[in-house]
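Notes for the one structure printed next.
All of these numbers come straight from a predicted model, not from anything done at the bench. Throughout, a chain's letter reflects where its sequence line sits, starting with A, and its residues are numbered from 1.
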2 protein chains.
Amino acid sequence: MIRDFFLGFIKIHILHHAAKEPVYGLWLIEELDNHGYKLSPGTLYPMLHRLEEQHYLESYSETIDSKVRKYYKITPTGTDALSKIKVKMQELVREVLT
Amino acid sequence: MIRDFFLGFIKIHILHHAAKEPVYGLWLIEELDNHGYKLSPGTLYPMLHRLEEQHYLESYSETIDSKVRKYYKITPTGTDALSKIKVKMQELVREVLT
DNA sequence: CAATACGATATCGGTATACAATAATGATAC
DNA sequence: GTATCATTATTGTATACCGATATCGTATTG
């Protein structure tokens, strides 16, 4: 399925957003929806958990409007990975999109 | 592992090359190595088989220098997928690399 | 002719997960 | 007690990846 290709793109989106500012699950679902990626909670949340296990992201909880949100932000490991990914992505784009 | 991200890129590379001209396993291993991706045969060949099962690629065998090679070329399904991937990739790049 | 080297592809066996939809849960406000 | 925002859990399915080894057909070598 073509979805398999996009799942990688989705993770890159997440790392990128989490590098700019702390993000949380539902916000990401909407944001990714704007990019044409439909993610159910059963896909996104476990994905966030894994990214945290792998130390690309770290989380903290905060109560907003008296609801608990779990914010994720990028770690140094994640920043490092992201920059390596960008390099390869640029290479790929240069080769494929010309 | 960061490798997980690259595996998606690798598949895109493969589709792209198979869209330009027929390609075969060992050639791809070298070509990808030039891009900094080390693939063992145990990774690449099953990957090609899956891409064929999923009808992104199709193969035919040819004897070159009295050795049998299995050439893969892209299918209409693969062409379609690739163009969709390119669109999303461009979006991603515009967002992430600026 | 036997042995082996070469270019390629295929397979094996183990490990580790990833993905998805849906339903459940929790806290608070009204 | 019900609606809302948000996360978590459940359950099931399906594979992907990788190193190492095996296989295959032909040509070469001695």
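Residues that satisfy the ring pair (Phe, Tyr, Trp, His ring centres under 6.0 Å) test with B/Phe6, not counting sequence neighbours, are B/Tyr37. Scored by the ring pair (Phe, Tyr, Trp, His ring centres under 6.0 Å) test, A/His35 finds A/His13 as partners (sequence neighbours excluded). A/Tyr71 meets the ring pair (Phe, Tyr, Trp, His ring centres under 6.0 Å) test with A/Tyr24, A/Tyr60; sequence neighbours excluded. Legend: residues meeting side-chain contact (heavy atoms from CB on, under 4.5 Å) with A/Lys20, ordered by chain and number and at least two apart, are A/His16, A/His17. With sequence neighbours left out, the side-chain contact (heavy atoms from CB on, under 4.5 Å) criterion links A/Ser61 to A/Val68, A/Lys70. Evaluation of the side-chain contact (heavy atoms from CB on, under 4.5 Å) rule for B/Lys86 yields A/Val96, A/Leu97, B/Leu82 as partners, not counting sequence neighbours. Considering only residues two or more places apart in sequence or on other chains, B/Arg3 meets the side-chain contact (heavy atoms from CB on, under 4.5 Å) condition with B/Met1, B/Leu7, B/Ile10, B/Leu39.
Residue pairs satisfying the side-chain hydrogen bond (donor to acceptor under 3.5 Å, both in side chains) criterion with at least one member in residues 46-58 of chain A, sequence neighbours excluded, are listed as follows: A/Glu52-A/Ser59.
At a non-hydrogen distance threshold of 4.0 Å, nothing from residues 79-87 of chain A comes into contact with DNA chain C. Less than 4.0 Å separates DNA chain C from at least one heavy atom of each of the following residues of residues 42-65 of chain B: B/Gly42, B/Tyr45, B/His49. Looking at residues 12-32 of chain B, you'll see B/Tyr24, B/Gly25, B/Leu26 sit with a heavy atom under 4.0 Å from some atom of DNA chain C.
Contact annotation: A/Arg3 reaches the phosphate of C/dA20 (side-chain N/O to OP1 or OP2, under 4.0 Å). Residue A/Ser40 places no side-chain N or O under 4.0 Å from the OP1 or OP2 atom of C/dA20.
At a threshold of 4.0 angstrom between heavy atoms, the contacts of A/Lys38 with the nucleic acid are absent. Across all strands shown, B/Leu39 has no heavy atoms under 4.0 Å from either base or sugar-phosphate atoms.
In this structure, the side chains of A/Phe5 and B/Leu15 come closer than 4.5 Å at one or more pairs of heavy atoms. Residues A/Leu26 and A/Ile29 have side chains in contact (heavy-atom distance under 4.5 Å, counting atoms from C-beta outward). Counting only heavy atoms from C-beta outward, the side chains of A/Asp33 and A/Lys38 approach each other to under 4.5 Å.
Taking for each of B/Pro41 and B/Lys67 the nucleotide of DNA chain C with the nearest heavy atom, the 5'-most of the two is the partner of B/Lys67.
Rounded to an integer number of Å, the gap from OH of A/Tyr37 to P of C/dC19 is 14 Å. Taking atom CZ on A/Arg69 and atom C1' on C/dG26, their separation rounds to 16 Å, with Å as the unit.
Few gaps surround NZ on A/Lys88; more than 12 heavy atoms of other groups in view lie less than 6.0 Å from it.
On the nucleic acid side, DNA chain D contacts chain A at distances under 4.0 Å to non-hydrogen atoms, with the end points of that region at D/dC5 to D/dA9.
Judged purely by atom type and a 3.5 angstrom limit, A/Thr63 has no side-chain atom pairing as donor or acceptor with the backbone of A/Ser66.
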